[in-house]
Amino acid sequence: MLKSLAMALVLVSAGGGAHAQRAADALDWSTCPADKIGMKCADLQVPVDWQDPGGRKITLKLGRLAATGTSEGVALIAYGGPGGPGVALTQSLSSWWTDLRKRMDIVTWDTRGYGEQFRGLSTGLPCLWTRIPIPEFPRDDADLGRLSDTNRGQAEVCRQADPTLFANMSSADHARDMEAIRKALGGAKLNYYGASYAGFYGQAYARLFPDQVRTMVLDGTWNHSPADWDRELEEMAKGNEQFLARFFDWCTANGCKDIPGTWRTLVARADRTPVPAAKNVAYTGRDLQALAIASARQGKTAWPGLAQAIRKAHAGDASAFVPARGARYPDQATGVTECTDWPRPADRKELNATITRLRKVAPNAGTAGTIATGTLQCIGWPAPVTNPPAPLPKTLPPLLGAGAWGESDAVARAIGQVPGSVTIAHDGPGHTLYGVNPCARDHINRYFTDKVLPPKDTTC
């Protein structure tokens, strides 16, 4: 609760409660499609190309859950993906926001380009959205050329449908959309919660509009703001190595001391001769590393099965690594946003140097699960990197980060550049904290409403 009327007036001024309410009412709000929780929606027209503000417009669908008490401001919410449908997800996850709604409106939006196939209601990019296995590293220049042509061919299916929208799908474009939303809601400074990939939107916004940030929470995201991207790739690989190190440490005390040595032998052999796993499925060492990292990061409940899977694969049968659902190979989504955000190797020499470095700092995890493998699909992409990583301005107000194993470290590297920022860590598995960790949620809510950060080194 606020301690005084004076403090209440300061908060309303900072959060823009009354002003935002008047502006929100100026938008044409009506009941959202298929609404069951009292959520209102409105359309906002924005330029498809923010460098041509007078040109063609696209529609953003906004959703609002009004404060259940007196509104003191707006919290803008994005769930990541990229392409997570803000309206549909907020309707299904409305209980997350019960406490925050006592004092703030919850506003979200469906991000540009991600239309019906993502349950989104904003202007969509007509595209053959799919998931494809992560390609192998090219062995020579001919391999690199074939990979480039394959990627370009897949991307052209999306690009030709709407070349302008295709070229303006980066996290910085989403951030400019956020600024348009902020202005449409009355112009009060931004309170933003970005989960997972939406943390990239937040970091882009912080670089583009640092003077418009009141509070910003980055939950379970990566660091898109390093001064040295090569070093950040190494930190990603080290984080994956730590997932496996926890598992190996557990094995030392739980009857599987042989696993670390068995694992290294298995990976080396699989890189020479893939291990059969199912009909027409065989795993390379990098495939096994990616699947093992995904299992190891789930924690102790998954570790006994991972130990058995490693022993079985070492004996020539990798079937225990085959996921119960979804793709059987480590895969990735069509990178319409990702390929404009992530630096890609210029040539095979640069790629090989990156592979060598990551394997050195992460001998058990290698390059698996890093953006070094994610950017393989971006080689030959017919759109440039328009939103490259860059440091955050030190003039930002203190930011709040959150995350479980690995994620809290990445978030801390991003917001640690901003004086006074704090990261909430969860010493356990998981992805994002707000929806599942009441301790973290309470700290985040208090930061949004009162601008009070938790103590440094807070764990939840």
Side-chain angles (χ1 to χ4, degrees), residues 1 37 65 67-68 75-81 84-86 88-108 191-203 215-224 236 239-240 242-243 246-247 250 293-303 369 398-416 418 420-460:
M1 296 293 293
I37 62 169
L65 288 175
T68 54
L76 183 64
I77 308 300
Y79 299 92
L89 285 172
T90 302
Q91 287 177 324
S92 63
L93 302 173
S94 61
S95 61
W96 284 20
W97 311 106
T98 299
D99 289 338
L100 187 57
R101 286 183 67 195
K102 293 174 182 176
R103 294 173 58 178
M104 300 187 84
D105 294 339
I106 304 301
V107 173
T108 188
N191 303 295
Y192 177 67
Y193 171 84
S196 193
Y197 203 97
F200 277 25
Y201 312 164
Q203 291 172 68
T215 58
M216 180 173 287
V217 176
L218 306 179
D219 187 0
T221 191
W222 303 325
N223 178 14
H224 191 253
M236 290 181 190
N240 289 333
Q242 183 60 33
F243 287 126
R246 289 189 187 94
F247 164 58
W250 175 85
I293 290 165
S295 182
R297 69 182 299 159
Q298 295 174 32
K300 292 181 181 179
T301 57
W303 292 346
L399 310 181
L400 180 59
W405 279 343
E407 296 178 345
S408 60
D409 296 329
V411 173
R413 290 195 298 273
I415 69 172
V418 181
S421 297
V422 174
T423 298
I424 303 166
H426 172 64
D427 186 18
H431 179 44
T432 74
L433 297 187
Y434 189 90
V436 297
N437 189 308
C439 165
R441 187 185 309 132
D442 288 345
H443 284 303
I444 291 170
N445 287 347
R446 190 179 184 206
Y447 169 66
F448 275 140
T449 55
D450 299 343
K451 291 189 71 175
V452 174
L453 288 160
K456 186 179 179 181
D457 300 323
T458 292
T459 58
C460 281

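Keep in mind the model is a prediction, meaning the values are calculated, not measured.
By the side chain to side chain donor-acceptor pair (under 3.5 Å) test, N240 is found to be paired with no residue, residues two or more places apart in sequence or in another chain being considered. Partners of A410 according to the side chain to side chain contact (heavy atoms under 4.5 Å, CB included) rule, which considers only residues two or more places apart in sequence or in another chain, are R413. Residues forming a side chain to side chain donor-acceptor pair (under 3.5 Å) with S196 (at least two apart in sequence, or on another chain): H431. Shown here are the side chain to side chain contact (heavy atoms under 4.5 Å, CB included) partners of Q91, two or more places apart in sequence or in another chain: C32, D35, I37, M39, V87. Not counting sequence neighbours, the partners of N445 by the side chain to side chain contact (heavy atoms under 4.5 Å, CB included) test are D99, L100, Y434, R441. Remark: T215 pairs with N191 by the side chain to side chain donor-acceptor pair (under 3.5 Å) rule, at least two apart or across chains. Checked against side chain to side chain contact (heavy atoms under 4.5 Å, CB included), R246 has the following partners two or more places apart in sequence or in another chain: Q242, F243, W303, W405. Residues satisfying the ring pair (Phe, Tyr, Trp, His ring centres under 6.0 Å) criterion with H224, sequence neighbours excluded, are F200. The side chain to side chain donor-acceptor pair (under 3.5 Å) check on W222 picks up nothing, with sequence neighbours excluded.
Residues G403 and S408 come closest through the heavy atom pair O-CB, 3.3 Å. Looking at every heavy atom in both residues, Y197 comes nearest to G81 through CB-N, 3.7 Å. Of all heavy-atom pairs spanning R103 and A67, the tightest one is C-CB, 4.3 Å. When all heavy atoms of P438 and V436 are compared, the pair lying nearest together is CD-O, 3.5 Å. Nearest approach of A414 to Q203, heavy atoms of both residues: CB-OE1, 3.8 Å. Counting all heavy atoms, side chain and backbone alike, L433 lies closest to I424 at CD1-O, 4.0 Å.
How far CG of L400 is from OG1 of T458: 9.0 Å, rounded to the nearest 0.5 Å. Within the model, atoms CG of N437 and CG of D442 stand 9.0 Å from one another, a figure rounded to the nearest 0.5 Å.
The closest donor-acceptor contact from the side chain of S421 to the backbone of P398 lies at 3.5 Å or more, if one exists at all. Using modelled atom types, no side-chain atom of T221 and backbone atom of L218 make a donor-acceptor pair closer than 3.5 Å. The backbone N or O of I77 lies less than 3.5 Å from a partner atom in the side chain of T108, making a donor-acceptor pair.
Annotation: salt bridge (Lys or Arg N to Asp or Glu O under 4.0 Å) contacts involving residues 398-412, sequence neighbours excluded, comprise R297-E407. Applying the disulfide (SG to SG under 2.5 Å) test to pairs two or more places apart or on separate chains, those with a residue in residues 429-459 are C439-C460.
Checked against a 6.0 Å centroid threshold, the rings of Y193 and W96 do not count as neighbours.
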